[in-house]
Each structure stands twice: as C-alpha cells, then as structure tokens.
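Contents: one structure, followed by commentary.
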Amino acid sequence: MPDAAGKVFVITGPSGVGKGTLISGLLDRSDGLELSVSATTRDPREGEVAGRDYHFLSSAEFGERVAADEFLEHASYSGHQYGTLRSEVDARLRAGVSVVLEIELQGARQIRDSMPEAVQIFIAPPDPASLRSRLVGRGTDSPEAIEQRLNTAETELAAQGEFPNVIVNDDVQTAREELIALVQTELPLD
Ligand code: 5GP
C-alpha cells in the first residue's frame, strides 16, 4: 500500500462549462486518480449507464441514504438531488488513491467545510453566453431545464472568487493542460 493518503479534488463550475470533458482528459492522463460516481434522483440521459455515470436512485432511497449519513455532501440542483456517497471516497483515500468530485457549488462549499484540505477548482466559461450555446448544442436538456440551469449559473459564476484555483475553459486543450498541471502538482507521490 502506498505511504501517502489520497487527496480529494473538487471540480465545480456551471452546467455547460465543459467540466466532464476536461475531467475525462485529466483521468486519462493521471495515475492514482479516480472519479467518484455520484448519486442522483434525475432520470438517466440517453447513453448514460447506471453505476458508471451515476448511481440513479429514487427520491425515497436518496432520502433514506441521507438519513443514514451515507453522503459526504448532497444538494438539490435543478429540481433533483445529487450527492457524493462516502463509499465512493473513503476506501480509495485510505488506499492512497486520490478522488475527483465533479459537483455543483453547494456541494463544493460543504466539502470546503468538512474537508478543508481538499483541492478546490472552479471551471469558468470565457463568457456567460457560451454556456447557453453549449447546453443547447449538447441537446440533453429540455428548454425549461436549460433556463433553470442558466439561472443557477449566475449564482455559481458570482461565487467564483471563493475558489483558489480558477481555470477558464476558452480553448479546451489549453484548459485541459492547465487542469492536468494543477492536479499533478498536488497529487501525493508514493
Ligand atoms: P447533470 O444533471 O448535468 O449531470 O449535473 C448537474 C449538476 O450537478 C452539475 O453541476 C454536476 O457537477 C452536479 N453534480 C453531479 N454530481 C454531484 C454530486 O454528487 N454532488 C453535487 N453537489 N453536485 C453534483
């Protein structure tokens, strides 16, 4: 077993900013770093696989697991519940594996309180209009859901100053390299 304990990397930013693309590039290039699969009450999108993309739970089951203190953090976002299960994180950290949490703002704040040692990274758009075109372009959300996500994005963008690390996703390759460089300087050496 490696000597060093793993670290937690929180990656946040508004819906449509491209967190998922940047994170998959990061995971491809980093040993000893794994993604925590979140739980959610929203319906699976086309192509999403249970256990790989999310643990899809009913509202009742999500509530029971909140009551049983199974979540490291959880939040309501766009009419659905999302949360990080302790079971996705604890054993990995003990085994020296670092973990990426791709979560929204309220969850990032909860982790800041409960795990101040976690590395917090905010992904920002070059301009707010790019969020709309990306959300419309990916075609996964209804027009109503897109408006809801864009409203929430205003609050999220206003909170950017809370984050010690901000990466602007203007050019995806540049942003990915910046993210990889940042994470690799923080990864524990074994
Ligand atoms: P989506 O429905 O687009 O997959 O995710 C909506 C938002 O929820 C995104 O900002 C995503 O980062 C966030 N999210 C995904 N998993 C979690 C989680 O476990 N906890 C929290 N707080 N937010 C999450």
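Indexing begins at 1, ligand by ligand and atom by atom, following the structure's order. All heavy atoms count here, side chains included; hydrogens, waters and symmetry mates do not. Just so you know, residue 1 is the first one in the sequence shown, and it goes up from there.
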Where is the nearest protein heavy atom to atom 22 (N) of ligand 1: which residue, which atom, and how far? Glu104 OE2, 2.7 Å

Below 4.0 Å from ligand 1: does a non-hydrogen atom of Arg45 turn up there or not? yes

Proximity of Gln106 to ligand 1 by residue part, where a heavy atom lies under 4.0 Å: neither

Closest protein heavy atom (residue, atom, distance) for atom 20 (N) of ligand 1: Glu73 OE2, 2.7 Å

Element-labelled atoms of ligand 1 that are located less than 4.0 Å from some non-hydrogen atom of Gly107: 22 (N)

Quick one: do Phe122 and Ile103 end up in the same hydrophobic cluster if we chain Ile, Leu, Val, Met, Phe, Trp and Tyr together by side-chain heavy atoms under 4.5 Å apart? no

Between CG on residue Leu72 and CD1 on residue Ile111, distance to nearest 0.5 Å: 4.0 Å

Please list, chain by chain and in numerical order, all residues satisfying salt bridge (Lys or Arg N to Asp or Glu O under 4.0 Å) with Lys19, sequence neighbours excluded. none

Nearest neighbour of atom 1 (P) of ligand 1 from the list Tyr77, Tyr54, Phe71, on a heavy-atom basis: Tyr54

Take Tyr82 and His74 through the side-chain contact (heavy atoms from CB on, under 4.5 Å) test and state the conclusion after the steps. CA-CA 6 Å; Tyr82 293 81; His74 62 91; over 6 Å; no

Is there a polar contact, in the sense of an N or O pair closer than 3.5 Å, between Ser15 and ligand 1? no

If you count the non-hydrogen atoms of other residues, nucleotides and ligands that lie under 6.0 Å from CG in Asp171, is the total more than 12? yes

Looking only at protein heavy atoms, what sits closest to atom 11 (C) of ligand 1 is Glu102 OE2, 3.9 Å

Just which atoms of ligand 1 are under 4.0 Å from any heavy atom in Lys19? 9 (C), 10 (O), 12 (O)

The side chain to side chain donor-acceptor pair (under 3.5 Å) partner of Arg109 among Glu73, Glu162, Glu104, Gln120 is Glu162

Between Arg149 and Glu144, does at least one N-O distance fall below 4.0 Å, as a salt bridge requires? no

Return yes or no for this condition: an N or O of Glu48 is under 3.5 Å from an N or O of ligand 1. no

Tell me whether Gly13 has any N or O atom under 3.5 angstrom from an N or O of ligand 1. no

Atom 17 (C) of ligand 1 [closest protein heavy-atom partner, distance rounded to 0.1 Å]: Ser38 OG, 3.4 Å

Purely on distance, is any nitrogen or oxygen of Glu156 under 3.5 Å from one on ligand 1? no

Does the distance from a Lys or Arg side-chain N to an Asp or Glu carboxylate O, for Glu48 and Arg52, drop under 4.0 Å? no

Contact region, Arg42 to ligand 1, non-hydrogen atoms below 4.0 Å, reads side chain

Can you list the atoms of ligand 1 that are under 4.0 Å from a heavy atom of Gly83? 18 (C), 19 (O), 20 (N)

Relative to ligand 1, is Arg149 under 4.0 angstrom through side chain, backbone, both or neither, heavy atoms considered? side chain

Contact between Val37 and His55 at the side-chain level, heavy atoms closer than 4.5 Å - yes or no? yes

For a quick check under 3.5 Å, do Thr40 and Arg42 share a side-chain donor-acceptor pair by atom type? no

